[in-house]
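After the C-alpha cells below, expect a handful of questions from me.
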2 protein chains.
Amino acid sequence: MARKTGSHSDITGPRVRQAALKLFAQKGYAAVSMRQIATEVGLQAGALYLYTPDKQALLYELMKDHLEELLAAWQLLPDAGDPNERLQQFTRFHILYHLDRPESVFVAYMELRNLTPDNFTRIEALRRSYENELEKILIDGQALGQFRVPDTKLAALAVIAMLTGVNTWYRQGGRLSRVTVADIYWDMVRKAVAA
Amino acid sequence: MARKTGSHSDITGPRVRQAALKLFAQKGYAAVSMRQIATEVGLQAGALYLYTPDKQALLYELMKDHLEELLAAWQLLPDAGDPNERLQQFTRFHILYHLDRPESVFVAYMELRNLTPDNFTRIEALRRSYENELEKILIDGQALGQFRVPDTKLAALAVIAMLTGVNTWYRQGGRLSRVTVADIYWDMVRKAVAA
DNA sequence: CTGGGAAATGAACGATTGTTCAGTTAACCT
DNA sequence: AGGTTAACTGAACAATCGTTCATTTCCCAG
C-alpha cells in the first residue's frame, strides 16, 4: 500500500514539523528517532525525507522559525516611546509569547548543542538580535536617567533569563493566571533596573 | 591484554564519573555512548559496568551529587542574621558556586527529562529544597518590611533563574571578573525585591 | 614464590539508528 | 477513460546502541 487516501504534501509537511517539535520537546532531539516522528504523523520513516533533507534540518528549521517569528512579532508592536513603557511592553510580550509556545521555547533553549556549527552560528545570531532589542530599551532609559543598571548588556541577559524562567514552572490551571504572572514579573523587572 | 599496570578501582571510579560529566555536558546524555565514555577513560565499554549498574545511574548520581553538594555548601555558610545580608550572601554564593561547576550545572538543568520517573522525583525534591532556602530569606525579609515582593515563591524562582543565567554567557577571561559579575547581579537582585 | 581475587579485555547479543531507493498506489489532468 | 506524477511503502544498508560474560592479566597477601 502507498499513498493513503486524502494525503497531500502541503498538509503532511507541517504535520511532520509539528510532530518533530512535540517529540523533540518531550524527549530531546538525540532521543527521538525518525521512525518515532513518522509514527506520530502516520507514515513510514522513509516518507519524512520528502519533507526534510535530514534530521538536523528538521531541528534547525524549528529553531530558526521560532526565533524569526519571535522577532517579527516583537517588531510588529507599536513603539511605546517612553523607555519605561517599552520595558513594560517587552516584559509582558516576552512572558505571554513564550507561555503560548512552550515546546518551541524548550527546543530553542535546550537543543543548541545538537546543531551543526554552521547552524549554531545562525541561531546564535538570531538570539543575539532579540537580546539587543531589550538592550536598546535599557540604553535609552539609562540615557534619560529612568534606569540605572551597572551594565546594560548584563541587565538584558539577566532580565531575559528571569522572564524565560517562567516557562519552567508555569502550568495551565495553576494558582496564577498568565496576566497575573506578567504583572508580578513586571514589578520585579521595573524595580531591578530602576534609578 | 587485561588489567593495565597501575590500575586501581578507587581511581578509575571517579574518572568514569568525571568523563561522563564532561561528555554529558558537551553532547547531552542521549548523544553520548558508553563506548565514548570508556574511550575517554581509556577503557573498554564493558569495564564501565564495574563502576555503575547502567548509564541511567551514571546520570542520576551526577545530578544527585551536584545538588546535595550545593545544598551542603550553602548550609555550611554562617547565618548572616539580617535578611538583606542573607540575600546578598545567597546571591554571591549562587553565582560563584555555579561558575565553578559549569558542567555539573549544565547537566543538572538540561538532562532532567532523561531521568527515569523515580529518579526525576528525587532530583526535583532536591532542587525544590534549594529554592526553599531562598524563599525562606524572602519570607523573613518580607515580614520585617525589608523586602516587598508580590509573591515570595515566584520571586525565589525568578531570582534563581536570573542568577543561573550567568552560566550561559560567562566565559573565563572575558571583560568582567567573577566577583564583578556578582556585584552587578547583587545590585539588580537587591533592587528587584526592595520595599 | 605462589595462589586468589580484583580489574579489565574483547567478542558477542539483539535492537535500533539515519538514510536510500525501487516499487506501488491513488489523485489529478486532459 | 487513461496516463502522469506526486505521495508513500517496505525492505535494505552499514553503523552503532547498552549490556553481558567468559577469559585474561596483573597486583598483593601469605
Side-chain angles (χ1 to χ4, degrees), chain A residues 1-24 26-62 107 111 113-119, chain B residues 1-24 26-62 107 111 113-119:
Chain A
M1 181 180 28
R3 182 138 202 192
K4 308 280 188 59
T5 71
S7 60
H8 286 296
S9 177
D10 49 343
I11 298 246
T12 309
R15 290 223 301 147
V16 167
R17 283 184 283 277
Q18 180 59 37
L21 175 62
K22 172 184 167 181
L23 290 171
F24 288 167
Q26 206 166 92
K27 307 168 186 287
Y29 174 76
V32 172
S33 71
M34 294 299 271
R35 283 171 181 81
Q36 289 176 55
I37 298 173
T39 299
E40 179 82 16
V41 185
L43 294 178
Q44 296 296 318
L48 296 180
Y49 292 84
L50 294 170
Y51 306 101
T52 182
D54 50 32
K55 192 186 176 189
Q56 167 73 202
L58 217 37
L59 175 62
Y60 171 66
E61 291 294 330
L62 287 173
V107 168
E111 304 296 352
R113 59 185 163 182
N114 288 310
L115 291 170
T116 60
D118 278 5
N119 286 341
Chain B
M1 179 178 37
R3 181 138 202 196
K4 306 280 187 61
T5 71
S7 59
H8 286 298
S9 175
D10 49 344
I11 297 249
T12 309
R15 290 224 300 146
V16 167
R17 283 184 283 278
Q18 181 59 37
L21 175 62
K22 172 183 167 181
L23 290 171
F24 288 168
Q26 207 167 93
K27 307 168 186 288
Y29 174 77
V32 172
S33 72
M34 294 299 272
R35 283 170 181 83
Q36 289 176 56
I37 298 173
T39 299
E40 179 83 15
V41 185
L43 295 177
Q44 295 297 317
L48 297 180
Y49 291 85
L50 294 170
Y51 305 101
T52 181
D54 50 31
K55 192 186 176 188
Q56 167 72 204
L58 217 36
L59 176 63
Y60 171 66
E61 291 294 330
L62 287 173
V107 168
E111 304 296 353
R113 60 186 162 181
N114 288 309
L115 292 170
T116 60
D118 277 5
N119 286 341

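Chain naming here is simple, since letters A, B, ... match the order of the sequence lines and numbering starts at 1 in each. All figures in this text were calculated on a predicted structure; none of them were measured in a lab.
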side-chain hydrogen bond (donor to acceptor under 3.5 Å, both in side chains) against B:Asn119, all qualifying residues, sequence neighbours excluded: B:Gln56, B:Thr116, B:Arg122
Step-by-step side-chain contact (heavy atoms from CB on, under 4.5 Å) determination, A:Val16 to A:Leu58: CA-CA 9 Å; A:Val16 167; A:Leu58 217 37; 4.3 Å; yes
Sugar-phosphate, base or nothing in reach of A:Leu43, heavy atoms under 4.0 Å: sugar-phosphate
Lys/Arg N to Asp/Glu carboxylate O, A:Glu111 vs A:Lys55, below 4.0 Å: no
Euclidean distance, B:Ile37 CD1 relative to B:Tyr51 OH, rounded to 0.5 Å: 14.5 Å
Sequence neighbours excluded - side-chain hydrogen bond (donor to acceptor under 3.5 Å, both in side chains) pairs with any residue from residues 28-49 of chain A: A:Lys22-A:Glu40, A:Ser33-A:Gln36
d(CD, B:Gln44; P, C:dT9) in whole Å: 5 Å
At a cut-off of 3.5 Å, list every protein nitrogen or oxygen paired with a nitrogen or oxygen from nucleotides 16-18 of chain D, distance to 0.1 Å.
residue: D:dC17; atom: OP1; partner: B:Ser33; partner atom: OG; Å: 3.2
residue: D:dG18; atom: OP1; partner: B:Val32; partner atom: O; Å: 3.3
residue: D:dG18; atom: OP1; partner: B:Lys55; partner atom: NZ; Å: 3.0
residue: D:dG18; atom: OP2; partner: B:Met34; partner atom: N; Å: 2.8
residue: D:dG18; atom: N7; partner: B:Arg35; partner atom: NH1; Å: 2.8
residue: D:dG18; atom: O6; partner: B:Arg35; partner atom: NH2; Å: 2.9

Whole-Å gap separating P (C:dA6) and CG (B:Leu50): 11 Å
Check: A:Val107 and A:Leu59 side chains under 4.5 Å, non-hydrogen atoms: yes
Position toward the 5' end of DNA chain D (nearest nucleotide), A:Tyr51 or B:Pro53: A:Tyr51
Rounded distance in Å - CG (B:Leu48) to C1' (D:dC21): 15 Å
B:Thr12 vs C:dA7: side-chain N/O to OP1/OP2 distance below 4.0 Å: no
